[in-house]
Amino acid sequence: MSENPLLRSARARLASARSVVVLTGAGISADSGVPTFRGADGLWRNYRAEDLATPEAFDRDPRLVWEWYNWRREILATKTPNPAHDALVCMEARTEDFHLITQNVDGLHRLAGSQRLSELHGDIWKVRCTSCRVVIDNRDVPLALLPHCHTCGGLLRPHIVWFGEALDEQVLTDSVRAVESCDVMVIVGTSGLVYPAAMLMPAAQAHGAFVIEINLDPTPYSSDVALSLQGRAKDIVPLLL
Ligand code: BV8
Ligand code: ZN
């Protein structure tokens with residue numbers, strides 16, 4: 001059975017690339033059993049992420065928002081990286097200039113061993129004080145429903161970028177710089193609907209990058225990219241090596 005020619009040319013492009021940027025979304029962690037945002041399993045008590053992941057929702061009912069994050073932390077505590085996460089660690093090791101940008105807050109890229117990583121939307125295993133703004137690692141499962149800061153007693157919140165909140169300036173600047181100077185960009189498991197993350201692929205293309213998409217379903221990008229490979233990340237990403 002001859003191999004898919006698209007896959008062969010994707011591999012050839014990556015093998016000869018000096019600088020590679022990879023952008024991932026919830027789809028890369030789906031094969032680790034992590035619910036995606038827009039998938040059928042993305043809802044919690046019929047709430048969409050956009051309803052709960054906002055400063056307004058936290059002001060209104062911090063207990064409810066913490067209940068949601070505790071639910072996700074309990075799920076994530078049992079999840080491990082899959083072959084797609086692992087393949088990106090190998091790709092990083094063999095590529096001169098590599099940068100991994102993720103929209104995921106699940107920490108699975110870090111757990112897999114990725115180093116050159118920008119977590120655009122934060123990390124579910126970090127909490128931040130709403131008063132003194134100290135940021136600390138916390139992997140307690142479950143976490144107290146209304147956790148407070150040991151330094152000043154202020155209410156803690158997830159160290160995550162919510163809808164309507166700005167991304168960390170340095171993280172965004174590093175990501176934009178990386179996409180504007182890469183030869184090849186690979187986008188894995190994202191619906192490309194949330195901004196500013198969604199403008200990174202067009203920015204790379206505008207700077208001449210060869211863009212490869214790996215996604216289970218077609219996305220708004222599929223007709224624009226150089227190569228669109230449809231399927232599961234765990235099956236396709238390792239074949240790029
Ligand atoms: C801001 C943390 C302003 C929370 C997240 C321009 C136009 C329109 C709207 C806006 C705009 N600019 C800003 C906005 C508003 C908003 C936005 O984009 N709204 C959207 C909904 C239209 N953006 C913001 O609010 C941003 N902030 O703009 O601030 C500002 C600026 C300066 C000063 C002050 C304020 C902040 C956005 C970040 C929000 N936080 N996450 C948490 O997780 O708890 S976003 C969150 O949703 C994720 O991080 C991710 O980014 C997004 C979900 O998307 P995906 O990861 O792509 O997941 P999804 O489920 O959608 O798709 C999965 C895909 O995988 C699917 O295609 C599926 O087919 C595929 N798949 C499934 N299984 C597999 C697979 N593929 C391969 N293998 C498989 N096995
Ligand atoms: Zn504090």
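All residue numbers in this chain count up from 1 along the given sequence. None of these values were measured; they are calculated from a predicted model. Order of appearance sets the numbers: ligands from 1, and atoms from 1 within every ligand. Below, all heavy atoms of this structure are taken into account, side chains as well, without hydrogens, waters or symmetry copies.
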Q) Do the side chain of R63 and the main chain of L145 share a donor and acceptor less than 3.5 angstrom apart? A) no
Q. Do any of the N/O/S atoms of C152, backbone or side chain, fall under 2.8 Å from the Zn ion (ligand 2)?
A. yes
Q: Look only at interatomic distance and state if Y69 has a nitrogen or oxygen under 3.5 Å from any nitrogen or oxygen of ligand 1.
A: yes
Q. Which atoms of ligand 1 are found less than 4.0 Å from any heavy atom of G189?
A. 63 (C), 64 (C), 65 (O), 76 (N)
(Q) Below the 3.5 angstrom mark, is there an N/O of V161, backbone or side chain, next to an N/O of ligand 1? (A) yes
Q) Does A233 reach ligand 1 with a nitrogen or oxygen that is under 3.5 Å from one of the ligand's nitrogen or oxygen atoms? A) yes
Q. Is it true that a side-chain atom of S29 and a backbone atom of A26 form a donor plus acceptor pair closer than 3.5 Å?
A. no
Q) So is A26 polar-close to ligand 1, meaning N/O to N/O under 3.5 Å? A) yes
Q: Just to the nearest 10 degrees, tell me the angle at the Zn ion (ligand 2) spanned by C132 SG and C149 SG.
A: 110°
Q. To the nearest 0.5 Å, what is the distance between CG (L52) and CG (L64)?
A. 5.5 Å
Q | Polar contact flag for V105 and ligand 1 (N/O pairs, less than 3.5 Å) | A | no
Q | Rounded distance (nearest 0.5 Å) linking atom OG of S175 with atom CG of L120 | A | 4.5 Å
(Q) Check for me whether R72 has a heavy atom closer than 4.0 Å to any atom of ligand 1. (A) yes
Q: Mark the output for G231 as yes if a heavy-atom distance to ligand 1 is under 4.0 Å, and as no if none is.
A: yes
(Q) Heavy atoms only: which of Q230, K234, E119, H121 lies closest to atom 45 (S) of ligand 1? (A) H121
Q) Which atoms of ligand 1 are found less than 4.0 Å from any heavy atom of T36? A) 60 (O)
**Q.** Flag for S118-D174: side-chain donor and acceptor within less than 3.5 Å
**A.** no
Q: Decide yes or no for C149 and C132: does some side-chain heavy atom of the first lie under 4.5 Å from some side-chain heavy atom of the second?
A: yes
Q) Do the rings of W66 and F58 sit parallel, tilted or perpendicular, given the 30° and 60° boundaries? A) perpendicular
Q) Is there a donor-acceptor pair under 3.5 Å between the side chain of Q230 and the backbone N or O of L216? A) yes
Q: Kindly identify the option in G25, A166, S32, A198 whose heavy atom sits closest to atom 34 (C) of ligand 1.
A: A166
Q: Please write out which residues are connected to F210 in a hydrophobic cluster, directly or through intermediates, given that two of Ile, Leu, Val, Met, Phe, Trp, Tyr count as joined at side-chain heavy-atom separations below 4.5 angstrom.
A: L6, L7, L14, V20, V22, I28, L88, M91, F98, L100, L117, V184, V186, V188, I212, I214, L227, L229, I236, V237, L239, L240, L241
Q. Taking N or O atoms only and a 3.5 Å limit, does W68 qualify as a polar contact for ligand 1?
A. no
Q. Do the side chain of Q115 and the main chain of G113 share a donor and acceptor less than 3.5 angstrom apart?
A. yes
(Q) Evaluate D217 for polar contact with ligand 1, using N/O atom pairs at a separation under 3.5 Å. (A) yes
Q: Between L193, T219, I160, V194, flag the one that comes closest to atom 52 (C) of ligand 1 by a heavy atom.
A: V194
(Q) Strictly distance-based, threshold 3.5 Å: is any side-chain N or O of S32 a donor or acceptor partner for the main-chain N or O of T80? (A) yes
Q: Tell me, yes or no, whether the heavy-atom count around R13 atom CZ, taken from other residues, nucleotides or ligands under 6.0 Å, exceeds 12.
A: no
Q: From atom 26 (C) of ligand 1, work out which of Y221, Y195, F163 has a heavy atom at the shortest distance.
A: Y195
Q | Residue selection (non-hydrogen contact nearest atom 67 (O) of ligand 1) among V237, V188, L216, N215 | A | N215
Q) ligand 1 and E165, any nitrogen or oxygen pair closer than 3.5 angstrom? A) yes
Q.
Less than 4.0 angstrom from a charged side-chain N to a carboxylate O is my criterion; do D97 and R116 meet it?
A. yes
Q.
Let me confirm one number: the CD-OH distance from Q205 to Y221, rounded to the nearest 0.5 Å.
A. 10.0 Å
Q) Counting from 1, what ligand 1 atoms have a heavy atom of A30 closer than 4.0 Å? A) 73 (N), 80 (N)
Q.
Could you tell me, atom by atom, which parts of ligand 1 come under 4.0 Å of a heavy atom of E50?
A. 21 (C)
Q. Can G164 be said to touch ligand 1, with heavy atoms closer than 4.0 Å?
A. yes
Q: Under 4.0 Å from a heavy atom of Q103: give me the atoms of ligand 1 that qualify, with their elements.
A: 48 (C), 49 (O), 50 (C), 51 (O)
